[in-house]
Undergrad: 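Here it is, the structure in full.
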Amino acid sequence: MDVAEERLKGQAEIWEHIFAFVDSMALKCVVELGIPNIINSHGRPVTISEIIDSLKTATSSPNVDYLTRIMRLLVHNNQTVYGLTRSSKWLLKDSEFNLSPLRAHGCGIWDLALVDPEFNKCFNGAMQSMTIMIINEMLTEYRDGLNGIGSLVDVGGGTGTMIAEIVKANPHVQGINFDLPHVVSTAPEFSGVKHVGGDMFVHIPEADAVIMKSLLHDWTDEDCAKILRNCYNAITNKKNGKVIIVEVVLRPEGSGVFDKTGLILDMVMMAHTSGGKERTEVEWKMLLNSAGFPRYNIIQTPACPCIIEAFPE
């Protein structure tokens, strides 16, 4: 194993340690819903539809999308039926050998950050470190992707860290950092970068190209389509313009170093956003087509996020 591969596997292991609570969270959900008992009552492996039908008769109707995503993480492959393993048999509520009462209840990450200044400082530092890591990967893997772009708007760019690094490495690019007015009002000055406040659901500043990093996974498909349509309107030269999306592309059946990390992040989106999610290539294709971007390229990077180039029709 070479040094680069060893480094990336180490990164994937840290991601899984950081979000180790997600497996526990998903397990807590299926225990509370009584899914092990539902499977056991059928006496055979069952489909997700059979699980959902059983839940409808026992409780209020479940969120089908959320439940499917939770089960996808727990099996981490392309199974279409679910059976009890030697581990999940310990979650049967009426069994003599039952560990389900030991599921713990804690507080949310944002609640903890609110009451624990040290944790809040550590968490914010971790987010900044993650951003810098992603930028470094992007600038390495996407060196030629910014050629010919005179102006680039970073939608949801926060205080401008990413666009500043892009402009620093590509002085020919005029950078526009676009975010909510109260966010950009505290942003530091960067050479070659203009800060613009506004609402991405209403209007996005015009530029040769648009970039978005870890933004669309926070929103529903409907909201993402609105954002992407505004991106389409913002591209001044449709012939050569493009949208650059830095996001996870899920491979639920994959066995790559970061494939489980993507599924874990999907659970984080479920817990911390109102309808956000990580998406498979099929889901990205449908979303981009609906917003006027019928052509796209997916550029794999050694780390977790991919770079998706989307081109207007």
Side-chain angles (χ1 to χ4, degrees), residues 5 8-33 35-36 39 45-49 51-52 62-85 87-88 91 103 106 108-109 126-127 130 133-134 137 212-221 224 245-288 298-308:
E5 185 180 358
L8 287 171
K9 287 193 173 182
Q11 183 193 143
E13 289 168 359
I14 292 298
W15 275 117
E16 292 192 20
H17 283 303
I18 289 172
F19 292 112
F21 70 91
V22 172
D23 281 330
S24 180
M25 178 186 74
L27 191 59
K28 177 175 180 289
C29 288
V30 299
V31 168
E32 289 184 345
L33 289 171
I35 289 175
I39 296 172
V46 297
T47 65
I48 190 69
S49 296
I51 293 173
I52 291 166
N63 184 305
V64 175
D65 176 60
Y66 281 8
L67 182 58
T68 303
R69 289 158 64 189
I70 290 169
M71 297 297 286
R72 177 173 67 182
L73 170 69
L74 289 174
V75 299
H76 188 208
N77 58 29
N78 59 353
Q79 282 183 219
T80 55
V81 295
Y82 304 88
L84 293 178
T85 66
S87 298
S88 55
L91 301 176
R103 306 315 307 155
I109 190 170
M127 294 301 100
M130 184 175 68
M133 177 194 70
I134 292 173
E137 291 283 354
M212 294 179 285
K213 177 190 70 65
S214 304
L215 180 128
L216 295 179
H217 71 174
D218 290 333
W219 301 95
T220 65
D221 287 344
C224 286
I245 301 167
V246 185
E247 292 271 8
V248 167
V249 177
L250 287 180
R251 298 195 321 143
E253 72 289 353
S255 57
V257 175
F258 288 100
D259 286 329
K260 185 177 180 183
T261 303
L263 296 174
I264 289 171
L265 292 173
D266 183 49
M267 296 294 99
V268 175
M269 293 302 104
M270 186 186 297
H272 291 163
T273 68
S274 297
K277 61 182 179 179
E278 306 294 355
R279 293 173 171 88
T280 63
E281 181 175 351
V282 171
E283 290 171 315
W284 278 117
K285 181 178 181 179
M286 292 175 60
L287 180 59
L288 292 169
I298 295 179
I299 301 167
Q300 299 287 342
T301 70
C304 186
C306 295
I307 298 170
I308 306 171

Undergrad: Taking side-chain hydrogen bond (donor to acceptor under 3.5 Å, both in side chains) as the test, write out the residues that go with Gln300, two or more places apart.
TA: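 Partners of Gln300 under the side-chain hydrogen bond (donor to acceptor under 3.5 Å, both in side chains) test: none.
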Undergrad: If you apply the rule side-chain contact (heavy atoms from CB on, under 4.5 Å), what do you find for Arg72 with Asp266, and how did you get there?
TA: CA-CA 10 Å; Arg72 177 173 67 182; Asp266 183 49; 3.1 Å; yes
Undergrad: Which heavy atom in Val248 sits nearest to a heavy atom in Trp284, and how many Å separate them?
TA: O-NE1, 3.1 Å
Undergrad: Listed by chain and number, what are the side-chain hydrogen bond (donor to acceptor under 3.5 Å, both in side chains) partners of Lys260, not counting sequence neighbours?
TA: Asp23
Undergrad: So how far is it from Leu263 CG to Glu278 CD, rounded to the nearest 0.5 Å?
TA: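 Reported to 0.5 Å precision, the distance equals 9.5 Å.
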Undergrad: Roughly how far apart are Asp65 CG and Arg69 CZ, rounded to 0.5 Å?
TA: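 That separation rounds to 5.0 Å.
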Undergrad: Just verifying a value: how many Å separate Cys306 SG and Ile298 CD1, rounded to the nearest 0.5 Å?
TA: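 So the gap between those two atoms works out to 6.5 Å.
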Undergrad: Heavy atoms, side chains only, cut-off 4.5 Å: are Lys277 and Leu250 in contact?
TA: no
Undergrad: Supply the atom-to-atom distance Leu288 CG to Glu281 CD, rounded to the nearest 0.5 angstrom.
TA: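 Leu288 atom CG to Glu281 atom CD measures 10.0 Å (nearest 0.5 Å).
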Undergrad: Apply side-chain contact (heavy atoms from CB on, under 4.5 Å) to Cys29 and list each qualifying residue two or more places apart in sequence or on a separate chain.
TA: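 Partners of Cys29 under the side-chain contact (heavy atoms from CB on, under 4.5 Å) test: Ile70.
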Undergrad: Provide the closest heavy-atom pair for Leu74 versus Leu27 in the form atom of the first, atom of the second, distance.
TA: CD2-N, 4.3 Å
Undergrad: If you compare all heavy atoms of Glu247 against all heavy atoms of Leu215, which two are closest, and at what distance to 0.1 Å?
TA: OE2-N, 2.9 Å
Undergrad: Which residues satisfy the side-chain contact (heavy atoms from CB on, under 4.5 Å) test with Val22, sequence neighbours excluded?
TA: Phe19, Met25, Leu73, Ile264, Met267, Val268
Undergrad: Do Val246 and Met212 have side chains that get closer than 4.5 Å, going by heavy atoms?
TA: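 Not in contact.
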Undergrad: If you measure from CD1 on Ile52 to CE on Met71, what distance do you get to the nearest 0.5 Å?
TA: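 So the CD1 of Ile52 and the CE of Met71 are separated by 9.5 Å.
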Undergrad: Mind listing the closest non-hydrogen atom pair of Tyr66 and Gly275 along with its distance?
TA: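 Where Tyr66 meets Gly275 most closely, the heavy atoms are OH-N, 3.7 Å.
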Undergrad: Using the side-chain contact (heavy atoms from CB on, under 4.5 Å) criterion, which residues pair with Ile299? Sequence neighbours excluded.
TA: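 Result, side-chain contact (heavy atoms from CB on, under 4.5 Å) vs Ile299: Tyr142, Ile307, Glu309.
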Undergrad: Go through the structure and list residues passing side-chain hydrogen bond (donor to acceptor under 3.5 Å, both in side chains) with Thr280, not counting sequence neighbours.
TA: Glu283
Undergrad: Quick one: does any side-chain atom of Arg279 pair with a main-chain N or O of Leu287 as donor and acceptor, under 3.5 Å?
TA: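 No; zero donor-acceptor contacts below 3.5 Å.
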Undergrad: Is any side-chain heavy atom of Pro305 closer than 4.5 Å to a side-chain heavy atom of Lys213?
TA: no
Undergrad: What distance do Leu33 atom CG and Ile51 atom CD1 have between them, rounded to the nearest 0.5 Å?
TA: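 Between atom CG of Leu33 and atom CD1 of Ile51 there are 10.0 Å.
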